[in-house]
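Data block below; observations after.
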Amino acid sequence: MNFRDLAKKSAWIGAALPLFWAADALAGDAAPTLSAGDTAWMLTSSALVLLMTLPGLALFYGGLVRTKNILSVLMQCLISAGVMGLIWIAVGYSLAFSGDGAFIGNLDKMFLNGIGPDTLSGTIPEFVFVIFQGMFAIITPALMLGAFAERMRFGPYVAFISIWLIVVYIPLAHMVWGGGFIAELGAIDFAGGLVVHMSSGFSALVAALYLGARRGYGRSPMPPHSLPLTVIGAALLWVGWFGFNAGSALAADGTAGLAFLTTQTATSAAVVMWALIEKIHRGKPTVLGGATAAVAGLVAITPACASVDVLGSVYVGIGAAVICYFFVTIVKNKLGYDDSLDVFGVHGIGGTWGALAAVLFIAEVPDGMTWGSQIFAQIKSIGITAVYAPLASIIILVVLRMVLGDLRVSDEAEYEGLDLAEHSESAYSTESSGMSASHSGGAA
Amino acid sequence: MNFRDLAKKSAWIGAALPLFWAADALAGDAAPTLSAGDTAWMLTSSALVLLMTLPGLALFYGGLVRTKNILSVLMQCLISAGVMGLIWIAVGYSLAFSGDGAFIGNLDKMFLNGIGPDTLSGTIPEFVFVIFQGMFAIITPALMLGAFAERMRFGPYVAFISIWLIVVYIPLAHMVWGGGFIAELGAIDFAGGLVVHMSSGFSALVAALYLGARRGYGRSPMPPHSLPLTVIGAALLWVGWFGFNAGSALAADGTAGLAFLTTQTATSAAVVMWALIEKIHRGKPTVLGGATAAVAGLVAITPACASVDVLGSVYVGIGAAVICYFFVTIVKNKLGYDDSLDVFGVHGIGGTWGALAAVLFIAEVPDGMTWGSQIFAQIKSIGITAVYAPLASIIILVVLRMVLGDLRVSDEAEYEGLDLAEHSESAYSTESSGMSASHSGGAA
Amino acid sequence: MNFRDLAKKSAWIGAALPLFWAADALAGDAAPTLSAGDTAWMLTSSALVLLMTLPGLALFYGGLVRTKNILSVLMQCLISAGVMGLIWIAVGYSLAFSGDGAFIGNLDKMFLNGIGPDTLSGTIPEFVFVIFQGMFAIITPALMLGAFAERMRFGPYVAFISIWLIVVYIPLAHMVWGGGFIAELGAIDFAGGLVVHMSSGFSALVAALYLGARRGYGRSPMPPHSLPLTVIGAALLWVGWFGFNAGSALAADGTAGLAFLTTQTATSAAVVMWALIEKIHRGKPTVLGGATAAVAGLVAITPACASVDVLGSVYVGIGAAVICYFFVTIVKNKLGYDDSLDVFGVHGIGGTWGALAAVLFIAEVPDGMTWGSQIFAQIKSIGITAVYAPLASIIILVVLRMVLGDLRVSDEAEYEGLDLAEHSESAYSTESSGMSASHSGGAA
Amino acid sequence: MKLIEAIIKPFKLDEVKEALSQLEVQGITVTEVKGFGRQKGHTELYRGAEYVVDFLPKLKLEIVVADDMVERVIETIQNAAKTGRIGDGKIFVLNVSDAIRIRTGEKGDSAL
Amino acid sequence: MKLIEAIIKPFKLDEVKEALSQLEVQGITVTEVKGFGRQKGHTELYRGAEYVVDFLPKLKLEIVVADDMVERVIETIQNAAKTGRIGDGKIFVLNVSDAIRIRTGEKGDSAL
Amino acid sequence: MKLIEAIIKPFKLDEVKEALSQLEVQGITVTEVKGFGRQKGHTELYRGAEYVVDFLPKLKLEIVVADDMVERVIETIQNAAKTGRIGDGKIFVLNVSDAIRIRTGEKGDSAL
Ligand SMILES: Nc1ncnc2c1ncn2[C@@H]1O[C@H](COP(=O)(O)OP(=O)(O)O)[C@@H](O)[C@H]1O
Ligand SMILES: Nc1ncnc2c1ncn2[C@@H]1O[C@H](COP(=O)(O)OP(=O)(O)O)[C@@H](O)[C@H]1O
Ligand SMILES: Nc1ncnc2c1ncn2[C@@H]1O[C@H](COP(=O)(O)OP(=O)(O)O)[C@@H](O)[C@H]1O
């Protein structure tokens with residue numbers, strides 16, 4: 001692992017507290033010892049990041065689709081926690097965090113080979129670092145499903161996110177956090193603006209375009225079937241995001257405190273700003289706007305949460321509201337693509353803004369960099385992500401199309417809803433559902 | 001900051017463990033250093049307190065209103081997290097916790113001026129203390145909305161809670177926790193019976209009275225539209241409250257453990273007692289009763305959680321159930337005011353009871369106090385809060401009425417529901433919603 | 001307390017890190033001191049375990065019943081948090097964790113007698129240990145309600161779980177974790193496969209049999225009324241379970257990290273495996289299957305989470321999916337008993353599998369044991385639990401039947417639904433509910 | 001016998017029911033419906049997209065009464081359901097050729 | 001052609017549908033309704049306030065059949081839906097002047 | 001006056017409403033219903049138990065029109081609601097003996 005450069009660049013002040021042990025370790029000084037405090041926070045953070053996917057993201061997206069498709073969204077989140085969880089320990093962690101390659105790591109730690117309960121990673125057990133990072137690998141692919149919700153077949157979805165994890169996510173995680181090529185550039189991406197949000201947002205866009213719009217899109221309204229579910233989801237994303245961002249300090253220290261605080265203030269600012277824009281533009285602030293703003297603010301502060309100060313974080317949040325609002329309400333409608341739940345507009349665009357803003361409003365430029373060179377590093381890494389992720393995604397999709405056939409459900413299935421067509425279930429049932437126990441199935 | 005007196009008074013045993021560093025620091029001994037363990041717990045607690053508002057309180061209240069108003073409740077919670085979050089870092093924290101004024105602090109720490117990632121507050125980064133307290137500033141004003149739910153306009157609501165935060169909450173927080181006047185009295189208010197629950201509960205009552213009852217109140221039934229949402233909300237409040245109460249120890253130590261334990265036992269006792277009362281009084285225990293009891297127990301133990309022992313906490317919970325039940329079912333109906341979701345009956349009354357009970361059942365009277373003088377200190381501080389908060393609130397409301405016009409929605413809007421009237425949204429939508437895509441809005 | 005043997009047996013590596021202080025303490029070496037880091041994690045874990053019951057389990061079960069019974073499920077969970085919470089501090093903790101009896105402890109610590117904020121249990125305040133264990137005592141009896149859901153009267157339910165806690169749970173907790181008889185056997189049950197899941201699962205089965213099937217069972221379908229609620233519940237169980245399992249390390253260390261990681265990987269494996277089985281057996285993976293699989297995986301890894309390595313945990317999860325699927329879909333239907341929500345099939349069977357698997361896939365056999373002797377210890381302890389828990393439960397039920405009359409609601413009440421019959425409430429209400437304010441009740 | 005079908009504003013249900021009870025109407029069947037009519041709908045916003053909602057929530061009451069009650073029932077509903085504002089609803093009268101009480105098998109007026 | 005409108009207790013749906021299938025009834029349309037009648041309602045409690053709920057959940061079945069089927073259908077419904085306890089519901093018969101199958105445009109009895 | 005009762009596939013609502021608007025139909029009342037007919041249902045799975053669902057979601061439209069409009073309305077609905085696949089639904093026509101506008105008390109055709 002090469003956290004050194006990362007550490008130097010991500011901390012607000014020159015002498016990076018959170019990861020200084022890494023530097024020490026590399027320098028051959030006293031080996032770091034287990035910190036129960038840091039471990040406690042990282043265990044908590046790991047649980048919080050899972051909370052973001054289950055039930056956070058599942059509800060946020062699930063509330064936004066029509067009644068007939070909510071279960072398909074929930075299942076796509078559940079299976080991500082299943083399949084990504086397994087791939088991560090099999091090869092993912094090793095490829096991302098073991099070895100010095102510029103683009104990808106090695107397989108030395110396949111199935112966590114060589115790691116035991118007393119192996120440390122800095123001041124925490126390496127197991128804890130593995131699982132914390134594993135939770136990122138679970139949520140990132142699931143973020144994409146919002147773009148092609150209500151129309152993708154379940155099997156191809158599973159295949160897509162599995163390959164995508166290995167081909168897109170893991171290399172990016174290695175390049176940025178595992179000591180690879182983008183880390184060498186000196187780009188700042190504290191908790192994953194590039195690795196998590198841009199990568200998923202840009203990939204989601206090409207997937208939405210490749211799959212095509214939902215039947216009736218643009219003619220029939222497709223309003224959210226349950227905004228309360230969406231708000232619960234957004235709220236749990238917000239709460240869980242503290243684990244995501246402040247957990248990325250890998251310690252319970254001042255950097256974690258800073259990241260926690262800026263996460264909150266950026267999100268507050270985004271919520272307020274979005275409501276103001278809606279008030280001015282539409283006459284009324286909406287709840288869906290508030291929930292969307294919260295997520296946009298959280299996305300944007302993700303890469304920036306440890307490099308800006310509190311005032312900077314407010315600007316990050318305001319910028320996120322303005323830019324994402326513009327994308328999801330104006331640009332999308334102008335261009336006419338069907339990114340069902342605005343994954344590109346919120347994560348792709350918000351992540352890009354955040355990656356820039358991390359340096360635009362930087363509190364202290366890292367040693368050896370100037371503000372200009374740092375901005376340049378950001379732009380380069382943004383460009384790489386914005387090209388690599390969608391390019392790789394479209395290739396995966398085209399290949400899958402050839403191997404698995406149509407990635408999209410049939411028109412009938414789309415009309416009937418994915419819950420019945422793909423999972424033989426209905427979300428809600430009442431006494432007039434008119435079911436009868438079938439002969440084959442027996443009682444239950 | 002002057003935690004010394006607080007520390008002496010809030011801890012169960014003479015030598016107050018949780019904050020002894022404060023005493024040390026003031027005594028000029030070795031400066032406290034960062035404790036990763038304490039920091040880990042305070043980061044977690046901060047997340048838990050946000051969970052109380054979003055989605056806890058939002059759902060608890062949201063389930064209790066009628067279908068047509070749920071989104072307005074959710075939005076009022078969301079915007080509190082937005083606006084209060086910003087006010088807090090701009091001036092709130094500084095006014096509450098910087099400076100030695102008797103009634104209010106100063107503006108030295110505006111926008112967290114002078115605080116960096118390595119500034120400590122006791123054994124934790126000051127940033128963490130800032131955000132932990134900030135989460136209190138988010139939930140407290142939102143508590144009030146239950147009293148005037150289903151009828152207040154959104155704009156005036158935002159104005160009201162913003163001014164209220166500065167005029168009511170922050171001075172009280174300073175007086176009690178920031179070393180001000182009530183702290184000097186020696187009153188015990190560990191996690192906010194006065195500052196949080198009495199202040200919001202009494203203010204909410206006058207707001208409900210000033211706005212007037214909902215149309216049809218007393219004639220048409222207004223049953224909760226979704227008790228499951230209310231129970232989810234109460235459950236998340238319960239879970240989050242451990243951060244609120246045990247987090248108020250500002251450390252992961254024995255006091256935190258005591259506060260956590262008494263929080264649980266008082267709440268358990270309240271739930272059981274309420275069910276018994278309902279069984280005797282009405283023949284059946286209800287779920288809404290159970291959820292209400294949980295919140296009442298949590299409110300009551302808030303000021304008392306570190307000064308009573310486990311048996312004392314059971315009495316606190318039992319008392320909360322008896323007194324709050326009496327208020328929300330008998331007194332309110334007798335008096336006929338429309339405190340929609342019983343903010344006064346639960347928070348106002350429960351908070352008052354808790355502030356008294358903190359000393360009634362005190363495990364060990366602090367040095368320099370007698371049981372009598374301590375009770376007297378409680379009564380004085382209760383009196384001050386019970387007068388100041390509603391008085392200031394009514395003035396704010398009257399002024400707002402003059403400046404902004406009617407604080408209440410029109411009769412038509414009230415009949416149609418605040419979701420449509422104030423936010424142009426419906427919570428739930430089905431295929432027979434009969435929408436059509438409008439020309440101006442375009443696709444989505 | 002005698003954690004020594006437990007410690008030796010439950011840790012992955014010979015020199016058990018998590019509990020070594022216990023050994024030290026007993027050996028008369030330097031007394032352990034408070035670790036803020038360990039305390040932070042245990043406070044968090046305690047909150048997470050409550051989250052499992054409220055709202056986790058409440059929603060998981062609540063979504064699975066029919067609309068007319070959801071509130072009864074929520075109330076049964078709420079009251080468990082109330083009554084069990086009180087019994088635990090009154091006598092439960094003492095009987096389980098104080099004294100050296102083979103089968104049960106003593107009453108020395110009734111009402112936590114003698115414990116203060118500075119009493120330690122290992123490196124954490126004893127108060128924290130008390131409440132962490134108390135949360136287990138709240139969820140375990142509540143797990144059973146799924147088996148006799150939709151038909152048991154509320155009063156008898158409360159009586160049943162209260163007596164069951166004292167007669168079944170507490171002795172088992174003492175025998176396994178309190179240094180009793182099963183601990184002496186050397187059985188491994190890290191976080192409660194025997195104590196929590198087998199005990200509740202087997203007891204639930206006899207209760208379901210004793211109460212009889214729901215009217216219409218096997219003829220009329222009884223589909224879940226809200227799968228989204230069930231998925232939220234399963235997700236929160238998953239998140240909370242990290243507190244349950246990794247918290248059982250009683251420290252923020254490598255063992256906690258191991259337990260956290262294996263909990264995640266076993267659950268991931270179970271979700272994937274169940275989906276595959278359904279795909280093969282039924283043609284489509286279902287969401288309810290995914291949620292059930294998650295719980296089955298979590299149950300199975302509970303006893304095993306600190307004794308297997310990551311690959312072992314994958315096998316535990318796969319086995320859980322295969323075995324539990326077979327039970328809930330094939331065996332139950334064959335035998336025709338009405339375990340409404342599959343408590344036996346998931347907790348009883350999953351817990352048994354986990355207790356075996358904890359040694360089948362053990363990473364390192366504890367000192368003084370061979371693999372064979374360890375397996376034998378597991379089988380003995382499984383046998384004891386599988387006989388004792390249901391036997392004691394049936395006796396309790398028969399006695400309650402004699403004392404309280406019918407344990408089951410009347411046919412009319414069952415048809416009308418338990419929400420109305422037992423709690424006079426409806427979960428959801430709309431404007432056509434046709435209520436009118438009654439004379440006796442007054443306004444609200 | 002006639003079937004009186006009344007479409008009313010939801011918040012008027014209580015008043016109408018009360019008024020009908022005084023007429024000794026023995027039974028009412030209520031359905032939640034959506035109505036499209038002269039009363040104009042509203043606009044809803046979802047992420048900047050604007051939808052026009054033409055269908056408004058209404059309740060449909062069905063009441064079967066003996067012929068001699070029809071006039072009084074209509075009048076009562078009209079009075080109780082009226083707000084004077086657009087969208088108050090309609091009353092339709094249909095002929096019923098037979099009525100049966102399931103419990104007893106009674107037919108005709110005595111089944112009501 | 002007649003429209004048979006039956007209001008029944010919800011848990012009887014399965015049985016009624018089963019019985020009608022044997023009569024070779026080709027179609028049924030079911031609506032969730034709330035019924036007010038002789039069957040007394042219940043009381044609900046919300047924070048100590050007591051509400052009387054007069055409307056009970058019922059299902060309304062609509063079945064259009066040729067005239068010669070009417071008697072048999074009524075009888076079948078009555079038998080299947082009967083519990084003998086108050087609130088079992090009613091069957092109303094209305095005249096239908098025409099029926100059209102949307103898919104084919106068929107009219108009259110052959111549209112059913 | 002006639003009551004036209006049309007049972008249609010839910011996703012056809014918009015088109016039907018649009019088409020009727022052009023006919024200057026002034027009002028429609030829509031109910032969510034479940035339909036059982038020739039269109040076969042589907043199977044649902046819950047923990048390995050298999051249920052057959054015969055009832056499918058449909059919408060019921062009720063439109064009261066003057067006699068001279070009946071033919072045109074029927075035709076319009078049929079065209080707009082038709083997919084040509086089984087389950088498209090039915091149109092039933094019933095006689096209405098009177099109509100009253102609650103707001104004004106108008107009666108007959110002018111109440112529509
Ligand atoms: N011709 C009609 N057929 C069926 N229902 C109608 C008809 N006209 C109106 N309605 C119903 O009556 C409701 C009220 O009608 P509307 O035209 O809005 O106001 P008003 O009753 O005051 O004239 C509508 O929402 C609709 O449900
Ligand atoms: N006159 C009526 N008009 C319309 N619906 C009625 C009428 N009378 C009864 N109903 C419906 O039938 C249901 C059962 O009627 P009720 O009087 O309770 O019992 P019973 O059918 O045994 O006489 C009611 O809930 C209501 O929905
Ligand atoms: N005889 C009937 N009486 C009442 N409703 C009917 C009748 N026949 C059909 N329906 C309704 O029409 C819907 C469509 O009928 P179905 O037989 O499936 O297809 P189709 O209309 O193409 O013949 C059914 O779901 C049901 O709601």
Side-chain angles (χ1 to χ4, degrees), chain A residues 34-41 43-44 46-47 50-51 54-55 58-59 62 70-71 74-75 78-79 81-86 89 111-112 116-119 124-128 130-131 134 154 226 229 232 252 419 422-431 433 435-437 441-444, chain C residues 11-13 17 35-38 40-41 44 48 66-67 217-228 231-232 235-236 238-239 242-243 246 251-258 260-261 264-265 267-269 271-272 275 282 284-288 290-291 294 309-311 314 332-333 336 338:
Chain A
L34 182 96
S35 158
D38 293 347
T39 303
W41 174 236
L43 290 166
T44 305
S46 303
L50 182 65
L51 182 78
L54 293 174
L59 294 178
I70 175 178
L71 297 181
L74 302 184
M75 189 64 184
L78 263 174
I79 207 70
V83 177
M84 301 305 105
L86 295 183
I89 54 135
F111 283 104
L112 311 188
D118 48 5
T119 315
I124 62 172
E126 186 163 356
F127 277 157
V128 177
V130 170
I131 195 66
F154 182 69
S226 173
L229 287 188
I232 305 179
D419 295 358
E422 294 283 298
H423 307 292
S424 285
E425 290 169 298
S426 302
Y428 308 101
S429 98
T430 62
E431 270 200 279
S433 299
M435 291 186 177
S436 36
Chain C
W12 189 29
I13 20 176
L17 284 173
S35 159
D38 293 347
W41 174 236
T44 304
L48 286 172
R66 287 165 291 171
T67 313
Y217 177 70
R219 277 170 296 117
S220 317
M222 300 171 176
H225 92 282
S226 173
L227 283 175
V231 173
I232 304 179
L236 293 179
W238 191 336
V239 170
F242 294 121
D253 60 10
T255 303
L258 171 67
F260 197 115
L261 180 70
Q264 177 66 19
T265 47
T267 310
S268 292
V271 168
V272 173
R282 291 298 198 172
K284 289 175 191 172
T286 67
V287 176
L288 178 53
D309 62 13
V310 68
L311 214 59
V314 171
K332 186 174 77 158
N333 288 336
D338 182 13

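Every chain is numbered from 1 and lettered A, B, ... according to where its sequence line falls, protein lines coming before strand lines.
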Evaluation steps, side-chain contact (heavy atoms from CB on, under 4.5 Å), between A/L112 and C/L261: CA-CA 11 Å; A/L112 311 188; C/L261 180 70; 3.3 Å; yes

side-chain contact (heavy atoms from CB on, under 4.5 Å) between A/L50 and C/F242, intermediate numbers included: CA-CA 10 Å; A/L50 182 65; C/F242 294 121; 3.5 Å; yes

Chi angles and distances behind the side-chain contact (heavy atoms from CB on, under 4.5 Å) call for A/D419, C/L227: CA-CA 11 Å; A/D419 295 358; C/L227 283 175; over 6 Å; no

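For chain A, the option among C/L311, C/V239, C/V287 with the highest count of heavy-atom pairs below 4.5 Å is C/V287. Of the residues considered (C/A269, C/A252, C/G37), C/A252 shows the highest number of contacts with chain A, using heavy-atom pairs under 4.5 Å. Considering only heavy-atom pairs separated by less than 4.5 Å from chain A, the leading option among C/T286, C/T265, C/T67 is C/T286.
Heavy-atom distances place no part of C/A36 under 4.5 Å from chain A, backbone and side chain included. Of the two parts of A/S426, only the backbone, made up of N, CA, C and O, holds a non-hydrogen atom closer than 4.5 Å to a non-hydrogen atom of chain C. With a 4.5 Å cut-off on non-hydrogen atoms, A/L34 touches chain C through its side chain but not through its backbone. The contact between A/L51 and chain C is made by backbone and side chain atoms together, counting heavy-atom distances below 4.5 Å. Only the side chain of C/T44 comes within less than 4.5 Å of a heavy atom of chain A; its backbone N, CA, C and O stay farther away.
For the pair C/A235 and A/L54, the tightest heavy-atom approach, listed with the atom from each and the gap, is CB-C, 3.5 Å. When all heavy atoms are compared, the tightest approach of A/L74 to C/P228 is CD1-CA, 3.9 Å. Closest of all the heavy-atom pairs between A/A47 and C/F260 is N-CZ, 3.6 Å. The two residues A/H423 and C/K284 make their nearest non-hydrogen contact at N-CD, 4.0 Å. Nearest heavy-atom pair, A/F127 versus C/G254, reported as atom, atom and distance to 0.1 Å: CD1-O, 4.4 Å. Pairing each heavy atom of A/A81 with each of C/S268, the nearest pair is O-OG, 2.8 Å.
The shortest side-chain heavy-atom distance between A/P55 and C/L236 falls under the 4.5 Å cut-off. Inter-residue side-chain proximity for C/P285 and A/M75 is flagged as met; some heavy-atom pair is nearer than 4.5 Å.
Checked by atom type and distance alone, the side chain of C/Q264 never pairs as donor or acceptor with a backbone atom of A/I131 at under 3.5 Å.
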